[in-house]
Amino acid sequence: MTSESESTASDITAPPKDYRLLVPRDWFRIDLTRQGWRTQLKTFVNRQAEGKNVPAEAKQEAWATLRNTAEAGVRNGALEFFLRSEADGGGVLPASLIVSLIPRTGSLTPNDLRESFEAKAQQHPYPADVSTVVLPAGEAVRIRTATALDLYVRMPGGVGYLVLAFVVPVTGMTGSMYRLCESIAESLRWIV
């Protein structure tokens with residue numbers, strides 16, 4: 001059920017003011033639009049290593065990898081970074097979700113975007129399943145690999161795409177984790 005301020009894509013044609021996304025409470029949220037995000041990220045890494053036999057090198061490597069991921073995301077319009085513990089053999093390998101905004105001018109349709117990604121996928125050695133799907137928030141391009149799921153959701157009003165980029169390095173994009181990522185994506189609603 002949607003309230004007056006939350007709508008599915010079919011309900012609106014004007015650009016949304018914001019979005020709502022339901023992410024489970026065990027996912028640690030980092031607001032990449034605020035200055036203190038590096039401190040939040042360090043807190044996550046420290047909590048994951050706390051009480052576990054995590055070598056200092058693994059902890060430092062996890063911190064550097066996550067920091068580099070967040071910094072690259074910020075350069076490319078990332079708004080939020082969600083992390084979920086996926087401890088593996090003493091390491092700190094979280095599942096993650098980065099939510100980004102890609103503003104677009106012009107009329108790049110999801111089919112145009114899908115065709116572009118299909119062409120790129122043919123040039124890479126790793127297999128990717130590229131398709132167009134319809135979510136409650138609107139039409140989206142879905143790119144699925146063994147460990148990642150990216151959804152480029154077209155925003156109402158033709159103002160761009162909201163990207164949900166999931167990475168699940170330990171269990172991969174299968175079974176219950178894949179269904180969880182799909183459920184999070186299906187919860188996306190626009191706030192008008």
Side-chain angles (χ1 to χ4, degrees), residues 1-44 66-85 94-114 116-117 130-144 148-168 173 177-192:
M1 178 186 218
T2 59
S3 68
E4 289 179 41
S5 62
E6 295 174 10
S7 300
T8 61
S10 62
D11 297 336
I12 57 176
T13 56
K17 293 178 183 168
D18 206 348
Y19 64 91
R20 178 180 64 87
L21 191 64
L22 299 178
V23 179
R25 290 184 182 178
D26 64 340
W27 289 61
F28 188 88
R29 179 183 179 268
I30 299 170
D31 184 346
L32 295 174
T33 65
R34 298 194 182 264
Q35 285 294 332
W37 68 260
R38 285 178 183 82
T39 303
Q40 289 180 296
L41 189 56
K42 190 73 166 172
T43 298
F44 173 81
L66 294 172
R67 184 199 62 226
N68 292 342
T69 300
E71 286 175 349
V74 168
R75 285 191 302 274
N76 292 306
L79 306 169
E80 298 180 286
F81 193 14
F82 294 91
L83 300 162
R84 179 178 183 264
S85 177
S96 66
L97 162 62
I98 292 184
V99 180
S100 303
L101 173 64
I102 301 176
R104 294 265 185 220
T105 56
S107 58
L108 183 66
T109 68
N111 283 331
D112 296 336
L113 193 58
R114 177 187 45 79
S116 171
F117 283 127
V130 181
S131 60
T132 306
V133 297
V134 178
L135 299 173
E139 198 171 3
V141 175
R142 179 177 65 191
I143 304 166
R144 181 178 172 187
L149 174 67
D150 295 342
L151 291 145
Y152 291 74
V153 185
R154 188 176 196 186
M155 296 175 67
V159 294
Y161 287 83
L162 190 72
V163 182
L164 308 178
F166 296 91
V167 176
V168 185
M173 207 41 77
M177 198 58 179
Y178 172 68
R179 288 189 298 276
L180 175 61
C181 294
E182 286 272 304
S183 295
I184 292 170
E186 289 173 4
S187 77
L188 177 64
R189 297 294 186 274
W190 304 115
I191 298 178
V192 293

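Scope of the values below: all heavy atoms of this structure, side chains included, with no hydrogens, waters or symmetry mates.
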Looking only at heavy atoms, what is the nearest atom pair of F44 and S85, with distance?
CZ-N, 4.4 Å
Close side-chain approach of I184 to L22, heavy-atom, < 4.5 Å
no
Minimal non-hydrogen separation, A78 against S100, with atom names:
CA-OG, 3.4 Å
Close side-chain approach of L151 to V141, heavy-atom, < 4.5 Å:
no
Does any non-hydrogen side-chain atom of D31 lie less than 4.5 Å from one of F81?
no
L149 vs I143, side chain to side chain contact (heavy atoms under 4.5 Å, CB included): CA-CA, chis, key distance, verdict
CA-CA 6 Å; L149 174 67; I143 304 166; over 6 Å; no
Can you name the side chain to side chain contact (heavy atoms under 4.5 Å, CB included) partners of E186, sequence neighbours left out?
L135, P136, E182
Rounded distance [0.5 Å steps], OG1 in T109 versus CZ in R114:
8.5 Å
Tell me whether R144 contacts the main-chain N or O of M173 through its side chain, where contact means a donor paired with an acceptor under 3.5 Å.
yes
With rounding to the nearest 0.5 angstrom, report the CD1 to CG distance, I191 to D18.
5.0 Å
Quick one, R142 and V130 - any side-chain contact, counting heavy atoms below 4.5 Å?
no
Any side-chain heavy atom of R34 within less than 4.5 Å of one from Q40?
no
Take Y19 and L79, measure what side chain to side chain contact (heavy atoms under 4.5 Å, CB included) needs, and give me the verdict at the end.
CA-CA 11 Å; Y19 64 91; L79 306 169; 3.8 Å; yes
Check against side chain to side chain contact (heavy atoms under 4.5 Å, CB included), Y161 and L113:
CA-CA 10 Å; Y161 287 83; L113 193 58; 3.9 Å; yes
I98 versus F82: any side-chain heavy-atom pair under 4.5 Å?
no
Under 4.5 Å between any side-chain heavy atoms of Y178 and L180, yes or no?
no
Can you tell me if S116 uses its side chain to pair, donor with acceptor, with the backbone of D112 under 3.5 Å?
no
Nearest-0.5 Å distance, NZ of residue K42 to CG of residue L66:
10.5 Å
In Å, rounded to the nearest 0.5 Å, how long is the span from CE of M155 to CG of L188?
9.0 Å
For a quick test of reading the model, state the closest non-hydrogen atom pair linking F166 to A185 and the distance between them.
CZ-N, 4.5 Å
Check whether any side-chain heavy atom of W190 lies under 4.5 Å from a side-chain heavy atom of P15, and answer yes or no.
no
For the student: nearest non-hydrogen atoms of K17 and V192, plus distance
CD-C, 3.9 Å
Going by side chain to side chain contact (heavy atoms under 4.5 Å, CB included), name the residues that satisfy it together with D26, two or more places apart in sequence or in a different chain.
P24, R84
Any chance you could measure R154, atom CZ, to N111, atom CG, to the nearest 0.5 Å?
9.5 Å
Please list, chain by chain and in numerical order, all residues satisfying side chain to side chain contact (heavy atoms under 4.5 Å, CB included) with I102, sequence neighbours excluded.
R104, Y152, V163
Which pair of heavy atoms, one from W27 and one from S96, lies closest together, and at what distance?
CZ3-C, 3.9 Å
Work out which heavy atom in L21 is nearest to a heavy atom in S187; give both atom names and the distance.
CD1-OG, 3.7 Å
From CA spacing to verdict: side chain to side chain contact (heavy atoms under 4.5 Å, CB included), W37, E71:
CA-CA 10 Å; W37 68 260; E71 286 175 349; 3.5 Å; yes
Nearest 0.5 Å please: distance from the CG atom of L41 over to the CD1 atom of I30.
4.5 Å
